[in-house]
Amino acid sequence: MARGRILKPAFYARPAELVAEDLLGKYLIRQVDQETIAARITETEAYIGPHDLACHARAGRTSRTAVMFGPGGIWYVYLIYGMYWMLNVVTGEEDYPAAVLFRTVGTWTGPGKLTRAMSIDKSLNGLSATRASGLWIEDRGPKLDTEAVCRTPRIGVDYAGEWKDKLYRYVLQNETEAATSRRKRSGPKKTS
DNA sequence: GCAGTGATCATA
DNA sequence: ATGATCACTGCC
């Protein structure tokens, strides 16, 4: 049963950038038979609409992308490289295709590893993320004061022209990690 | 650095 | 029907 507040459709019926950032620190809950796994969300990516050349919906509505045109708050799950299930949640209003990819939850780094660990596959495609059944997301309290949101370009979208550099990847870090990232980004300091 | 693996999509 | 392309991972 839910130990936190289940995120409602209104949470998802917003632009993907906002949903992607707000999902950080929430919990992804998987229930199969009597077993429940809960994992904190620490890395997401936003695919913001048909004009976003990294978004699957750039080619319009196809059988694969049809669920992206559904209402916010349903799962979009697809197979990549013949091996890995990618978990996304649809965002925005009905008929506007956009989604957020789950890239890291709990201790599983990488979108393919988290779906394998949580037994997530195509059978969840198109189902609701807003009911305590199978797979859903809960708010179990605010982010820690020691945590910060870092934005970077998305992974694996080099083909997307100007869209490959947009800062649509969101990572939840503690302050120490965030400071290290900032230092790396600004380059090594001159010492003499 | 690159192979593995299969659905999806454009082209025909 | 065929061939290219992947929102990845693990091993070299």
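The figures that follow rest on heavy atoms only: side chains count, while hydrogens, waters and symmetry mates do not.
- With sequence neighbours left out, the salt bridge (charged side-chain N to carboxylate O under 4.0 Å, His left out) criterion links A:Arg5 to A:Asp139.
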Open item on the list: If a pair means Watson-Crick or G-U wobble with both distances below 3.5 Å, what does DNA chain B look like in dot-bracket form, with | marking bases paired to a different strand?
Closed with: ||||.||||||.

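- Residues forming a side-chain hydrogen bond (donor to acceptor under 3.5 Å, both in side chains) with A:Arg131 (at least two apart in sequence, or on another chain): none.
- Within the 4.5 Å cutoff, the side chain of A:Tyr159 has no heavy atoms near those of the A:Lys164 side chain.
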Open item on the list: For nucleotides 6-12 of chain C, give me one character per nucleotide, 5' to 3': B if any protein heavy atom sits under 4.0 Å from the base, S if the only such contacts are to the sugar-phosphate, - if neither.
Closed with: BBBSS--

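- Bounding nucleotides for the chain A contact on DNA chain B, 5' to 3', at a heavy-atom distance below 4.0 Å, are B:dG4 to B:dC9.
- Few gaps surround CD on A:Glu94; more than 12 heavy atoms of other groups in view lie less than 6.0 Å from it.
- With sequence neighbours left out, A:Val89 forms a side-chain contact (heavy atoms from CB on, under 4.5 Å) with A:Tyr12, A:Leu23, A:Trp75, A:Val100, A:Phe102, A:Ala129.
- Aromatic ring orientation, A:Tyr76 versus A:His56: perpendicular (interplanar angle above 60°, classes split at 30° and 60°).
- For the segment residues 11-28 of chain A, the set of residues with a heavy atom within less than 4.0 Å of an atom of DNA chain C is empty.
- For A:Ala46, the side-chain contact (heavy atoms from CB on, under 4.5 Å) test picks out A:Ala16, A:Ala20, A:Ile48, A:Tyr168, A:Tyr170, with sequence neighbours left out.
- For A:Arg40, the salt bridge (charged side-chain N to carboxylate O under 4.0 Å, His left out) partners are A:Glu147, not counting sequence neighbours.
- For the side-chain hydrogen bond (donor to acceptor under 3.5 Å, both in side chains) test, no residue two or more places apart in sequence or in another chain qualifies with A:Thr107.
- Qualifying salt bridge (charged side-chain N to carboxylate O under 4.0 Å, His left out) partners for A:Arg116, counting only residues two or more places apart in sequence or in other chains: none.
- Between A:Glu45 and A:Arg154, none of the side-chain N atoms (NZ, or NE/NH1/NH2) sits under 4.0 Å from a carboxylate O, so this pair counts as no salt bridge.
- Listed by chain and residue number, A:Glu43 satisfy the salt bridge (charged side-chain N to carboxylate O under 4.0 Å, His left out) test with A:Arg169 (two or more places apart in sequence, or in another chain).
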